Student: 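Below are the structure tokens for one structure; questions will follow.
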Amino acid sequence: MSSADRDLGRALRGVPIPEEAEAEERAWELVRMAHAERAPLRPPATGRRVAIAVAGGLALLAIGLSPAGAKVADVIGDAIGIGAEDAKPTLRSLPAAGELLVESEQGPWIVREDGSKRLLGDYDGASWSPHGLYVAVADGSELAAVDTSGTVRWTYPAPGVVRDPRWGGDGVDTRIAYRSGDDLRVIAGDGSPESDHLIARHVAPVPPVWRPIAYAKLAGSPFVLSYVDAKGTIHTVDAESGATVRTTRLDRERVMAPSTGQSHGPALSPDALSLAAIRTTKGGEELSLHTDGRTEILLRARGGLTGPTWSPDGRWLLVGWPAADQWLFIDANRPSHVVAFDRISEQFDPGGGGPAPFPSVSGWILPER
């Protein structure tokens, strides 16, 4: 992380939000009400698990790794008697239905449920469409939509170099927010040129963030977008009208996550009733789950974590552990059940001549094909 990124991260953490606690609590209550009548999710798929023994039944994993990143070593905190098999050396299947979108040095990859992978092309960014049919990508000064086989469906010549495309909406009516040079713009999901419009000029080099759709509709629009200006101030707007929307704590934490070393910020569960978040502690980082006013620590680890990412059925949380070069799939209902995979970097850098950067997960979706 550059010094400029660290300065921006400090600036974002210091931004006060008036009445944020009250606004957040009101919003969460409305989200719960809005989702109370949702149809139940399909039963979760089962997968291979690595059992972790934890003192007192506390579900946490506190591991220091050897350079190979495969075996459990010493312990953090109150955990005792921790032991686990080596992480699986190859990603052969996901523990739940759906497909992952993964960004690597070579470009974005689709990872299917059976573990098979497809490189979409030499693109600089990627974002799922709401139904998982397409992926928005950046290619120089072009914004493009490709399908999951890598076939280009449309392109749009942007005014400047395209970065950080982010697809949002409810699946019927969608928008893509993207940075074009130093500006932030939004275009319709079908790429229609007449729909492209400016949101803000001179924004910071930070990806824009759409509010989760049910949460966004509480503001009267499905297209609520947060971004950071060049001075480090966070703004939230209705991307259609340009009207200012109150920035909540969730907006703030999600938009500032890349500046604090995470791949993305707190993640709302598919049923909108739980929030998974990573925070830095004295001994490393921890993954916590917040549900109905209760907080449970699912994981403590030395070194940085990336994610978290929910499975489409809301059962599993995927976090990356760059220092260990591992992915950990954690059962949110039974956190002592973990599926771990090793050597993640090289699996997304076939034929690479040296150490590959750790890939980031851009989403886990159940495609509606």
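The first residue in the sequence is number 1, and the count goes up from there. Quick caveat: nothing in here was measured; it's all calculated off a predicted structure.
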Student: Which residue pairs satisfy the side-chain hydrogen bond (donor to acceptor under 3.5 Å, both in side chains) criterion with at least one member in residues 181-198, sequence neighbours excluded?
Tutor: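 Sorted pair list: Tyr156-Asp196, Tyr178-Asp196, Asp183-Arg201, Arg185-Asp196, Asp190-Ser192, Ser192-Ser195.
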Student: Take Arg315 and Trp310 through the side-chain contact (heavy atoms from CB on, under 4.5 Å) test and state the conclusion after the steps.
Tutor: CA-CA 7 Å; Arg315 175 173 174 179; Trp310 287 94; over 6 Å; no
Student: Quick one about Asp349 and Gln106 (side-chain donor to acceptor, distance below 3.5 Å, no hydrogens or angles considered), yes or no?
Tutor: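 There is such a pair (donor and acceptor under 3.5 Å, judged by atom type) between the side chains of Gln106 and Asp349.
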Student: Applying side chain to side chain contact (heavy atoms under 4.5 Å, CB included) between Val255 and each of Leu250, Leu225, Val209, report the one that passes.
Tutor: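 It is Val209; the other options fail the test.
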Student: May I ask you to check whether over 12 heavy atoms, not counting those of Glu240, lie within 6.0 Å of atom CD?
Tutor: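 More than 12 heavy atoms, drawn from other residues, nucleotides or ligands, come within 6.0 Å of this atom.
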Student: So does Thr281 get a backbone contact from the side chain of Glu286, meaning a donor-acceptor N/O pair under 3.5 Å?
Tutor: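 Such a contact is absent between Glu286 side chain and Thr281 backbone.
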Student: For the residue pair His235 and Tyr227, does the interplanar ring angle fall in the parallel (under 30°), tilted (30 to 60°) or perpendicular (over 60°) class?
Tutor: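 Aromatic pair His235/Tyr227 classed parallel.
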Student: Quick one: do the Glu103 and Ser360 side chains pair a donor with an acceptor below 3.5 Å?
Tutor: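 Absent: no donor and acceptor within the cut-off.
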Student: Please check this pair: side chain of Gln326 against backbone of Pro322, looking for a donor-acceptor N/O pair closer than 3.5 Å.
Tutor: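 Answer holds: no.
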Student: I would like to know whether Asp139 and Val162 meet side-chain contact (heavy atoms from CB on, under 4.5 Å); could you show each step before the answer?
Tutor: CA-CA 7 Å; Asp139 185 11; Val162 175; over 6 Å; no
Student: Distance alone, cut at 3.5 Å: any donor-acceptor contact between the side chains of Ser362 and Trp128?
Tutor: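 Short answer, no.
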Student: Under 3.5 Å, is there a donor-acceptor pair between the Asp325 and Ser345 side chains?
Tutor: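 Indeed, the side chains of Asp325 and Ser345 share at least one donor-acceptor pair under 3.5 Å.
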Student: Look at the side chain of Trp154 and the backbone N and O of Gly189, then say whether any donor-acceptor pair between them is shorter than 3.5 Å.
Tutor: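 The answer is yes, because a donor-acceptor pair under 3.5 Å joins these two groups.
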Student: Does Asp124 come within less than 4.0 Å of Arg163, counting only side-chain N to carboxylate O?
Tutor: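 So Asp124 does not pair with Arg163 through a salt bridge.
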Student: Please find the pair of heavy atoms, one from Pro108 and one from Gly121, that lie closest to each other, and give the distance.
Tutor: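 The pair with the smallest heavy-atom distance is CD-O, 3.5 Å.
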Student: Please find the pair of heavy atoms, one from Ile344 and one from Phe341, that lie closest to each other, and give the distance.
Tutor: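 In terms of heavy atoms, the two residues are closest at CG1-O, 3.8 Å.
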Student: Any idea how Tyr134 and Trp167 line up, ring-wise: parallel (<30°), tilted (30 to 60°), or perpendicular (>60°)?
Tutor: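 Rings of Tyr134 and Trp167: parallel, under 30°.
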Student: Under 3.5 Å, is there a donor on one side chain and an acceptor on the other for Thr236 and Ser226?
Tutor: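 The answer is yes; a qualifying pair exists.
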Student: Do side-chain atoms of Trp210 reach the backbone of Ile176 as a donor and acceptor pair under 3.5 angstrom?
Tutor: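 No, because the side chain of Trp210 does not come within donor-acceptor range (under 3.5 Å) of the backbone of Ile176.
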Student: Answer yes when Asp164 and Arg179 have at least one side-chain N-carboxylate O distance shorter than 4.0 Å, and no when they do not.
Tutor: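 Answer for the salt bridge query: yes.
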